[in-house]
Amino acid sequence: MMKNKQIRISTIIGNNAECNGDFSAQGSARIDGSVRGNVTVSETLIVGTAGNVDGDISAQAVIIGGEVIGNITAPDKAELTATARVIGDISTSVIVIDEKAVFQGKCDMNQEVPGKRQKPGTRALRAGKKSAKAAIQEALKEVEEASREEAFSEAEGADTGKETE
């Protein structure tokens, strides 16, 4: 669970409730029932252990304890508890996946870092690329020269009547 932050839930979809279609709510929401459609919540979304969402989720933060089949976008944080089952991609800045949770998809945690510094060794890498390119050109020249020499040797052998190997 998210620590040091109280979550005030303004909307609840109960245990046996079904929502067929997109669902959106202001504030935080908890789903213990079933939603077949996309879910958009302005703050935190909690999918309880009995909860099921078949669609994409968009919220500032998510706590998943049930099943989600769809992509999740949660800029602040995504937390998958031990009972979570997520089949889809997650885009977030912070992710917590408990042991025994099931997550099948990819996680995108690309973050804009102010004053991003260059990784050490990047110049060496670039120099390596240049030298690799030069090495390939050099190898191509060697092959070309070898072909010319072979053609010249064969032509010389034909003039003298000798065969070359």
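As the structure is a prediction and not an experimental result, all values here were calculated from the model. Position 1 is the first residue of the sequence; numbering continues from there.
- By the 4.5 Å heavy-atom criterion applied to side chains, R36 and C19 are not counted as neighbours.
- Every residue meeting the side-chain contact (heavy atoms from CB on, under 4.5 Å) condition with E67, not counting sequence neighbours, appears here in chain and number order: N52, I69, R85.
- Put simply, CG on D56 and CG on N38 are 5.0 Å apart, with the number rounded to the nearest 0.5 Å.
- Using modelled atom types, one side-chain atom of S42 and one backbone atom of G27 make a donor-acceptor pair closer than 3.5 Å.
- Judged by distance alone, with hydrogens and angles left aside, the side-chain atoms of S24 form no donor-acceptor pair with the main-chain N or O of T40 at under 3.5 Å.
- A heavy-atom distance below 4.5 Å is not found between the side chains of D89 and I72.
- Between E138 and L140 the shortest side-chain heavy-atom distance does not fall below 4.5 Å.
- Taken together through direct or relayed side-chain contacts under 4.5 Å among Ile, Leu, Val, Met, Phe, Trp and Tyr, V62 and M109 form part of one hydrophobic cluster.
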request  = Any chance you could lay out the side-chain contact (heavy atoms from CB on, under 4.5 Å) test for I46 and I9, step after step, and finish with the verdict?
outcome  = CA-CA 9 Å; I46 300 171; I9 298 172; 4.0 Å; yes
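- L45 has its side chain within reach of I57: a pair of non-hydrogen atoms, C-beta onward, lies under 4.5 Å apart.
- Contact detail for A74 and A61: the closest heavy-atom pair is CB-CA, 4.1 Å.
- In this structure, E79 CD and D98 CG are separated by 6.0 Å, a value rounded to the nearest 0.5 Å.
- The distance from the CD1 atom of I7 to the OG atom of S28 is 6.0 Å, given to the nearest 0.5 Å.
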*asked:* Between D32 and R30, is the salt bridge (Lys or Arg N to Asp or Glu O under 4.0 Å) condition met? List the steps.
replied: CA-CA 7 Å; D32 288 317; R30 179 178 177 108; 2.9 Å; yes
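- Inter-residue side-chain proximity for V47 and I63 is flagged as unmet; no heavy-atom pair is nearer than 4.5 Å.
- R8 and S10 form no side-chain donor-acceptor contact under 3.5 Å, judged by distance and modelled atom types alone.
- For T81 against A101, the heavy-atom pair with the smallest separation is O-CB, 3.2 Å.
- Legend: residues meeting salt bridge (charged side-chain N to carboxylate O under 4.0 Å, His left out) with E145, ordered by chain and number and at least two apart, are absent.
- Expressed to the nearest 0.5 Å, how far OG of S34 lies from CD1 of I13 amounts to 9.0 Å.
- Inter-residue side-chain proximity for Q104 and V86 is flagged as unmet; no heavy-atom pair is nearer than 4.5 Å.
- For the pair K106 and D108, the salt-bridge criterion is not met [side-chain N within less than 4.0 Å of a carboxylate O].
- Neither V96 nor I64 shares a network with the other; the hydrophobic side chains, linked directly or stepwise wherever heavy atoms of I, L, V, M, F, W or Y lie under 4.5 Å apart, form separate groups for each.
- In this structure, V53 and I31 have side chains that are in contact, with non-hydrogen atoms separated by less than 4.5 Å.
- Between the side chain of T83 and the backbone N or O of G66 there is no donor-acceptor pair closer than 3.5 Å.
- Taking the side chain as every heavy atom from C-beta outward, F23 and T11 approach each other to under 4.5 Å.
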